[in-house]
Protein chains: 2
Amino acid sequence: MGPRTVEKHVHKDEAWERVRRYLAQKGLRSTGQRDLIIETFLAASGHINAEELTRAVKRRNRGVGAATVYRTLRLLSDCGVAVARTFGDGEKRYEVEDHDGHHDHLICESCGTIVEFEDDEIEALQDAVAKRYGFRLSRHKHELYGLCRKCIS
Amino acid sequence: MGPRTVEKHVHKDEAWERVRRYLAQKGLRSTGQRDLIIETFLAASGHINAEELTRAVKRRNRGVGAATVYRTLRLLSDCGVAVARTFGDGEKRYEVEDHDGHHDHLICESCGTIVEFEDDEIEALQDAVAKRYGFRLSRHKHELYGLCRKCIS
DNA sequence: GAACGCGCTGAGAACGATTCTCAACAGCCA
DNA sequence: TGGCTGTTGAGAATCGTTCTCAGCGCGTTC
Ligand SMILES: [Zn+2]
Ligand SMILES: [Zn+2]
Ligand SMILES: [Zn+2]
Ligand SMILES: [Zn+2]
């Protein structure tokens, strides 16, 4: 848990830095609601959806409206701090964008657990497939659905 | 184009067979609208969305309602003739389910072209990833986004 | 082939997630 | 402090999809 925590803090600072830069550049302001929502988002364990985030935020400040959470989530996407992903059939969830790395997902269809994985061989094969069909890739989505260890037993 | 056409016909018959069996088994009926919608869906080139299908159906029979198209699309999913997929961020599209084969997708972000691909090596590596994390897989979604040959030049 | 029971249909209402609208409010700078 | 402008919450609006319901027609029975 030691190095992992440090790593997370680094990401958090990097995220705030990005937000600050973006706000300044666009002439936008920093407000209490904004800060609270961003703070809550960064503290969450990732793969959170708008409703869950709104609940978490309201727990700390009842008055914050859902619209503001949606607006902030869009802001975070625009400045490269958050990425939206659509799991299953239509579950839209947000996670902190990882700027020096890439991962895909294993999703448990029973308990909803989402595990991240990286596989260089698969990544390389994707490029081969793209070349085979004359595509130039910009991104991809690779999701494996099934049952996690817990839900199998 | 020769064998390809034959193959498509076989799939079409198989699909109708599946529909017929399902209707009979569930005590459901065959109607003019139903038949028209299924016919139109099977004739489409795949990866069609509800709105496009509705337009195509209305071109042949103005009176058919959107609700009936949605209902039929659900019926087709239930009987294993169609599968719904969500491309990009939220574009829900349907294609004819391939019962003796599996494929994934290359999607052009500029013109929307969708190309299907199969890669046994990638499939094998997915199983390896699942084993590594203790998952038992049931399905997966693998989509490669980028520009197709046409849109690159 | 008339009658009947029940599934099917179209129109529009309802829905859930997200975005928009707008009047009140609050940063930030002079 | 005042003023300019970005921000906010509530509720309306939107969009794709599902639901509701009264009337319609498929398929079976006699
Ligand atoms: Zn699980
Ligand atoms: Zn992730
Ligand atoms: Zn293209
Ligand atoms: Zn396909």
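Scope of the values below: all heavy atoms of this structure, side chains included, with no hydrogens, waters or symmetry mates. Letters go in sequence order (proteins before strands), and every chain restarts at 1.
Of the candidates A:Leu53, A:Val83, A:Ile114, A:Thr86, A:Arg93 forms a side-chain contact (heavy atoms from CB on, under 4.5 Å) with just one, namely A:Ile114.
The side chain of B:Ala67 lies closest to C:dG12 when the candidates are D:dG6, C:dG12, D:dG9.
Within the nucleic acid shown, A:Gly32 has no heavy atom closer than 4.0 Å to any nucleic acid atom. B:Gly90 comes within contact range of no nucleotide atom at all, as no heavy-atom separation falls under 4.0 Å. Among the heavy atoms of the strands, none lies under 4.0 Å from B:Ala66. Among the protein residues, A:Arg71 comes within range of the nucleic acid bases, having at least one heavy atom under 4.0 Å from a base atom.
Between the CG atom of A:Asn61 and the C1' atom of D:dT8 there is a distance of 11 Å, given to the nearest Å. In this entry the distance linking CD1 of A:Ile48 with C1' of C:dA17 reads 16 Å, nearest Å. The interatomic distance linking B:Asp35 (CG) with C:dT9 (C1') rounds to 14 Å, in whole Å. Per the geometry, CG belonging to A:Leu28 stands 14 Å off P belonging to C:dC29, to the nearest Å. Regarding B:Leu75, its CG atom lies at a distance of 17 Å from the P atom of D:dT17, rounded to whole Å. Regarding B:Arg29, its CZ atom lies at a distance of 11 Å from the C1' atom of C:dC4, rounded to whole Å. Note: OH (A:Tyr94) to P (C:dT18) measures 6 Å, nearest angstrom. The CD-P distance, from A:Glu91 to C:dA17, rounds to 9 Å in whole Å.
With the nearest nucleotide of DNA chain D identified for both A:Leu23 and B:Lys92, A:Leu23 has the one nearer the 5' end. Positionally, the nearest nucleotide of DNA chain C for B:Ile37 lies more toward the 5' end than for the other of A:Ala50 and B:Ile37.
From B:Cys108, atom SG reaches atom CZ of A:Arg136 across 11.0 Å, with rounding to the nearest 0.5 Å.
Checked by atom type and distance alone, the side chain of A:Arg85 never pairs as donor or acceptor with a backbone atom of A:Glu95 at under 3.5 Å.
Shown here is B:Arg74, whose CZ atom has no more than 12 heavy atoms of other residues, nucleotides or ligands within 6.0 Å.
In this model, the phosphate group of C:dT19 is not approached by any side-chain N or O of A:Tyr70 to a distance below 4.0 Å at OP1 or OP2. The shortest distance between the side-chain N/O atoms of B:Thr31 and the OP1/OP2 oxygens of D:dG25 is not below 4.0 Å. Regarding contacts with the backbone of C:dT9, a side-chain N or O of B:Arg34 is found under 4.0 angstrom from either OP1 or OP2. Contact check, A:Gln33 against D:dG9: a side-chain N or O comes under 4.0 Å of OP1 or OP2.
Side-chain contact of A:His99 with A:Glu14: a donor-acceptor pair under 3.5 Å is absent, judged by distance alone.
For A:Arg74 against C:dT19, a side-chain-to-base donor-acceptor contact under 3.5 Å is absent.
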